[in-house]
Amino acid sequence: MYNGLKKIINNVLPKKAIFKIEPFLRSGWSLFYRGSEYECTICKTKLRKWIILHNQDKICPNCGSLSRDRRLWQLIENSYLTEDIKVLDFSPSRCLYRKWKKQNASYKATDLSGNFISDNQYDITSIPEDDNTFDLILCYHVLEHVTDDLSAMKELHRILKPTGTLFVQTPFKEGEIYEDYTITAKEDRLQHFGQEDHVRIYSIEGLKNRLIQSEFEVEVNQYHNKNIIYGLAENETILIMKKQK
């Protein structure tokens, strides 16, 4: 039922209207899911079950968080969250955007596509921010959309503080990075890269090497044990970067 209602709403209402009314719709919808077996790490709602999407991901009925959102926030809250932290978030999930806005005045969100809630529309290959500005940069499921990813990585390095942290996640495959810039049609990109607006599929080692080439120290974090209570994924990889010293 959830997936059907979501499809209808997306077909009928413009994105900006959906962004405004979504919290109220979810608040009412989530009443049917309240319980004590599970808990969302972002909105802290206790649930009797998750909404299961077509890809089997678990979504929080109250805030709309996906499993990757909940793990990301858990990591940030446990180890990186400070009162005066300056954050730049690329194409943020709506639940995390709202969470940050409630508790951090120095949070900035950007999205070039117009498909996400954001304050700015920065080109990630030419970011209009000063050097060494941000304590934390979140770049989740963005680089696979960017043709000139090395320029994007250099820009991320430039605006990150010497003591700052960069979180990166993309879809991954085994072997080498697969990219072919002659593939431009949406249907061909869907077939080759898994999504109509993707330009490559990274391998973990391939992405790590490109980030090292861009003067980052790279820590590859792989999570193999799912957390049932918080609805976290069983297999998830997150790259966490600092500037090379």
Side-chain angles (χ1 to χ4, degrees), residues 1-19 22 50-60 64-72 89-97 109-118 121-126 138-153 155-156 167-211 220 222-223 231-239:
M1 181 181 289
Y2 172 84
N3 291 308
L5 287 172
K6 181 179 177 181
K7 185 176 182 180
I8 292 171
I9 291 171
N10 285 335
N11 287 336
V12 172
L13 297 176
K15 282 188 173 64
K16 288 186 177 180
I18 294 173
F19 294 164
E22 181 187 27
W50 305 97
I51 294 171
I52 307 299
L53 298 181
H54 293 306
N55 63 1
Q56 300 305 304
D57 199 359
K58 297 178 178 66
I59 186 171
C60 172
S65 66
L66 300 172
S67 59
R68 72 187 188 213
D69 302 323
R70 292 190 291 274
R71 191 187 299 280
L72 175 61
D89 197 349
F90 286 87
S91 301
S93 65
R94 298 197 286 272
C95 60
L96 285 176
Y97 176 90
T110 177
D111 175 59
L112 193 61
S113 70
N115 293 323
F116 298 82
I117 305 180
S118 67
Q121 286 187 301
Y122 292 167
D123 178 350
I124 196 172
T125 65
S126 181
L138 307 174
C139 188
Y140 257 46
H141 295 263
V142 173
L143 292 176
E144 66 271 22
H145 298 264
V146 181
T147 302
D148 189 1
D149 61 339
L150 285 174
S151 290
M153 293 173 191
E155 278 291 271
L156 294 171
F167 278 74
V168 170
Q169 188 180 71
T170 74
F172 291 113
K173 63 179 285 293
E174 297 295 328
E176 302 294 327
I177 295 175
Y178 175 48
E179 55 192 349
D180 183 344
Y181 299 133
T182 66
I183 299 172
T184 57
K186 289 184 177 181
E187 58 272 19
D188 293 334
R189 285 181 169 177
L190 176 62
Q191 179 182 352
H192 285 264
F193 307 126
Q195 193 165 305
E196 294 176 346
D197 54 353
H198 286 186
V199 298
R200 72 179 59 81
I201 305 178
Y202 288 102
S203 65
I204 295 173
E205 196 64 22
L207 178 55
K208 176 183 176 182
N209 289 337
R210 287 192 183 180
L211 288 161
V220 178
Q222 295 179 300
Y223 303 91
L232 305 183
E234 186 171 1
N235 293 297
E236 187 173 9
T237 301
I238 302 171
L239 277 62

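Numbers for residues simply follow the sequence, beginning at 1.
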J.: Provide the closest heavy-atom pair for Phe116 versus Pro92 in the form atom of the first, atom of the second, distance.
T.: CD2-O, 3.2 Å
J.: When you measure from the side chain of Thr110 to the backbone N and O of Tyr122, does any donor-acceptor pair fall under 3.5 Å?
T.: yes
J.: Rounded to the nearest 0.5 Å, how far apart are CD1 of Ile124 and CG of Asp149?
T.: 9.5 Å
J.: Stepwise, does the side chain to side chain contact (heavy atoms under 4.5 Å, CB included) test hold for Glu144 with Gln195?
T.: CA-CA 10 Å; Glu144 66 271 22; Gln195 193 165 305; over 6 Å; no
J.: Do the ring planes of Tyr178 and Phe193 sit parallel (below 30°), tilted (30 to 60°) or perpendicular (above 60°)?
T.: tilted
J.: For a quick test of reading the model, state the closest non-hydrogen atom pair linking Glu179 to Val199 and the distance between them.
T.: CB-O, 3.8 Å
J.: Look up atom CD in Glu196 and atom CD in Gln191, then write down how far apart they are to the nearest 0.5 Å.
T.: 12.5 Å
J.: Show the numbers, then the answer: is there a side chain to side chain contact (heavy atoms under 4.5 Å, CB included) between Val146 and Thr125?
T.: CA-CA 8 Å; Val146 181; Thr125 65; 3.9 Å; yes
J.: Are the side chain of Ser203 and the backbone of Gly175 linked by a donor-acceptor contact shorter than 3.5 Å?
T.: yes
J.: How long is the gap from CD1 on Ile51 to SG on Cys60, to the nearest 0.5 Å?
T.: 8.0 Å
J.: Check for a donor-acceptor pair, side chain of Arg70 on one end and backbone N or O of Ser65 on the other, with a separation under 3.5 Å.
T.: yes
J.: Within 45° of the axis and under 6.0 Å from the centre of the six-membered ring of Tyr223, does NZ or CZ of Arg71 qualify?
T.: yes
J.: Under 3.5 Å, side chain of Asp111 to main-chain N/O of Ser118, donor-acceptor pair present?
T.: no
J.: Between Leu156 and Cys139, does the side chain to side chain contact (heavy atoms under 4.5 Å, CB included) criterion hold? Intermediate values first, please.
T.: CA-CA 9 Å; Leu156 294 171; Cys139 188; 4.2 Å; yes
J.: Can we call the ring centroids of Tyr140 and Phe167 under 6.0 Å apart?
T.: no
J.: Hey, what do you get for CG (Leu207) to OG1 (Thr237), rounding to the nearest 0.5 Å?
T.: 10.5 Å
J.: If you round to the nearest 0.5 Å, how far is OG1 of Thr147 from CZ of Arg200?
T.: 6.5 Å
J.: Quick one: NE2 on His141 to CZ on Phe90, what's the gap to the nearest 0.5 Å?
T.: 15.5 Å
J.: So, for Asn55 and Asp57, which heavy atoms are closest and what is the spacing to 0.1 Å?
T.: OD1-N, 3.0 Å
J.: Donor-acceptor pair, distance only, cut-off 3.5 Å: does the side chain of Lys186 make one with the backbone of Arg189?
T.: no
J.: Would you say that more than 12 heavy atoms from the other residues, nucleotides or ligands in this model lie under 6.0 Å from the CD of Gln222, or not?
T.: yes
J.: Test side chain to side chain contact (heavy atoms under 4.5 Å, CB included) on Leu143 and Met153 and set out the steps.
T.: CA-CA 9 Å; Leu143 292 176; Met153 293 173 191; 4.0 Å; yes
J.: Are side-chain heavy atoms of Pro171 and His198 found at a separation under 4.5 Å?
T.: yes
J.: Could you tell me whether the side chain of Asp69 and the main chain of Leu66 form a donor-acceptor pair under 3.5 Å?
T.: yes
